[in-house]
Amino acid sequence: MNLYLQPPGVICAAGHDLAALRDAVFAGEPSGVAANGAVWPGHELHLGAVHAALPSVGPLPLQQRSRNNALLLAALAQISTQVDAAIAHHGVDRVGVVLGTSTSGVAESEAAIAALARDGRLPAGFHVEQQELGSPALMLAQLLGLGGPRYVVSTACSSGAKALASGARLLRAGLCDAVLVGGVDALCGMTVAGFAALESVDAARCRPMSATRAGINIGEGAALFVLSREPSAVRLSGYGESSDAHHISAPEPSGRGALAAMREALRRAGLVPADIGYLNLHGTATPQNDAMESRAVAELFGLGLPCSSTKPLTGHALGAAGAIEAAIAWLTVAGDGRLPVHHFDGQRDADLPQIALVAPGQRLPQAPRHVMSNSFAFGGNNAALVMSGG
């Protein structure tokens, strides 16, 4: 059974729609991530913040009013015609929703707690259910009147990628005829301060695979696809998931969990490593993640496969990262041979396998037929997606 991804709706620091994201990821100079002192007061860090005007959440029930859901509504607006067509064709009971997130409405809770400390009472516009992890999927399903399965995957940084895999399983099981899949996360102080406490945040733009890498830039955004059997330019041809459970936050050093996910994605796609034409790295710019991932990539693909991390453009959007990077993979497969650029300071880490990082202007004679995208998370929760030309 072939499963197809229609053109996604996407909003992130690197671009507020698909065309802008395309321009950013193939550009010779980095954009998107920028210095920001507003999210974690007293700390100016490079963050992947969205500065576009977002749809109003005023018409939503109070418990669904959050910046997280506003980002999701922005992505939905870009593909509303596709969504309406899927509902008209299949019926509301045959369309599902599977999303990844990790913050949901935590930012709203942070503001409410600050108001409580200042004023002695919670603000009238706050509802504790705004931070429920299931809120994005419930909001979409209720807004669109959908009767199919609706749920959120929250496995930290692999959530967005796993949402696509979960949607594919719903289709293969015959439970849905179309599924809205993707991920969404909004910036909040908790995640920025939390990663800083782990000594995993870089105040400057992150530098994946560099000898000087010092941590991540947190980001935000949303990406949303219609996944169905209706032909499109890009197929979700494979997906692989694994859990090595090595450590609560550190990756398993040898990359065995990452390898298992990548191999399973290839197996499900019916491909061999040589078939992959480009790999979007998880590439967080933390010392341990980049070391693990470069070892796993070198073991499976050798040193010749073009690779890049796009997190210096988008920031690490946590629960949305895998979906946003799936949108970047979609653009690469549906493109003209250009490859997403790997932006860093050019100082390769001599202790890492020297995988082939995409330089500005580098391209293939034509779009790669098959592309892989990696997403790895706390607890050794790993996911890999393979996208192929339709």
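In what follows, residues are counted from 1 in the order of the sequence shown.
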Are the side chain of [X] and the backbone N or O of [Y] linked by a donor-acceptor pair below 3.5 Å?
X: Arg213; Y: Ser210; answer: yes
X: Gln64; Y: Pro61; answer: no
X: Gln78; Y: Val10; answer: yes
X: Arg268; Y: Gly240; answer: no
X: Asp275; Y: Val272; answer: yes
X: Asp177; Y: Ser228; answer: no
X: Glu241; Y: Lys162; answer: no
X: Asn36; Y: Gly48; answer: no
X: Gln130; Y: Leu62; answer: yes

Any chance you could measure [X], atom [atom1], to [Y], atom [atom2], to the nearest 0.5 Å?
X: Lys311; Y: His316; atom1: NZ; atom2: NE2; answer: 5.0 Å
X: His282; Y: Asn382; atom1: NE2; atom2: CG; answer: 9.0 Å
X: Leu138; Y: Asn69; atom1: CG; atom2: CG; answer: 9.0 Å
X: Arg150; Y: Leu170; atom1: CZ; atom2: CG; answer: 12.0 Å
X: Asn289; Y: Phe376; atom1: CG; atom2: CZ; answer: 7.0 Å
X: His16; Y: Leu71; atom1: NE2; atom2: CG; answer: 9.5 Å

When you compare the side chains of Ser232 and Glu230, does any donor N or O come within less than 3.5 Å of an acceptor on the partner? no

Donor + acceptor pair across side chains of Thr101, Asp185 (<3.5 Å):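 Short answer, yes.
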
Side-chain heavy atoms under 4.5 angstrom apart, residues restricted to Ile, Leu, Val, Met, Phe, Trp, Tyr: same cluster for [X] and [Y]?
X: Leu18; Y: Phe225; answer: yes
X: Leu144; Y: Val57; answer: yes
X: Val179; Y: Leu140; answer: no

Mutual orientation of the aromatic rings belonging to Trp40 and His43 [parallel < 30°, tilted 30-60°, perpendicular > 60°]: parallel

Under the side-chain contact (heavy atoms from CB on, under 4.5 Å) test against [X], which residue among [options] passes?
X: Val98; options: Val153, Leu180, Leu227; answer: Val153
X: Leu73; options: Val184, Asn68, Leu143; answer: Leu143
X: Pro340; options: Leu281, Ile328, Val358; answer: Ile328

Any non-hydrogen side-chain atom of [X] less than 4.5 Å from a side-chain atom of [Y]?
X: Pro136; Y: Val152; result: yes
X: Pro30; Y: Pro312; result: no
X: Leu21; Y: Leu313; result: no
X: Val226; Y: Val83; result: yes
X: Arg229; Y: Met1; result: yes

Taking all atoms of both residues into account, what is the closest heavy-atom pair of [X] and [Y], and its distance?
X: Ile276; Y: Met372; result: CG2-N, 4.0 Å
X: Gln347; Y: Thr212; result: OE1-CG2, 3.7 Å
X: Thr155; Y: Ala377; result: O-CB, 3.1 Å
X: Val50; Y: Arg67; result: O-NH2, 2.9 Å
X: Glu44; Y: Ala35; result: OE2-CB, 3.8 Å

Any carboxylate oxygen within less than 4.0 angstrom of a Lys/Arg side-chain nitrogen, looking at Asp336 and Arg338?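 Counted as a salt bridge, because a side-chain N and a carboxylate O are separated by less than 4.0 Å.
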
State whether Glu299 and Arg295 are salt-bridged, where the test is any N-O pair (Lys NZ or Arg NE/NH1/NH2 against Asp/Glu carboxylate O) under 4.0 Å.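 So Glu299 does not pair with Arg295 through a salt bridge.
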
Taking it one step at a time, do His342 and Gln362 satisfy side chain to side chain donor-acceptor pair (under 3.5 Å)? CA-CA 10 Å; His342 185 91; Gln362 183 177 340; over 6 Å; no

Output, in order, the C-alpha distance, side-chain angles, deciding distance and verdict of side chain to side chain donor-acceptor pair (under 3.5 Å) for Ser31 and Glu29. CA-CA 7 Å; Ser31 60; Glu29 295 295 327; over 6 Å; no

From CA spacing to verdict: side chain to side chain donor-acceptor pair (under 3.5 Å), Glu325, Ser373: CA-CA 7 Å; Glu325 288 159 22; Ser373 181; 4.5 Å; no

Exceeds 12 heavy-atom contacts within 6.0 angstrom, atom CD of Gln366: no

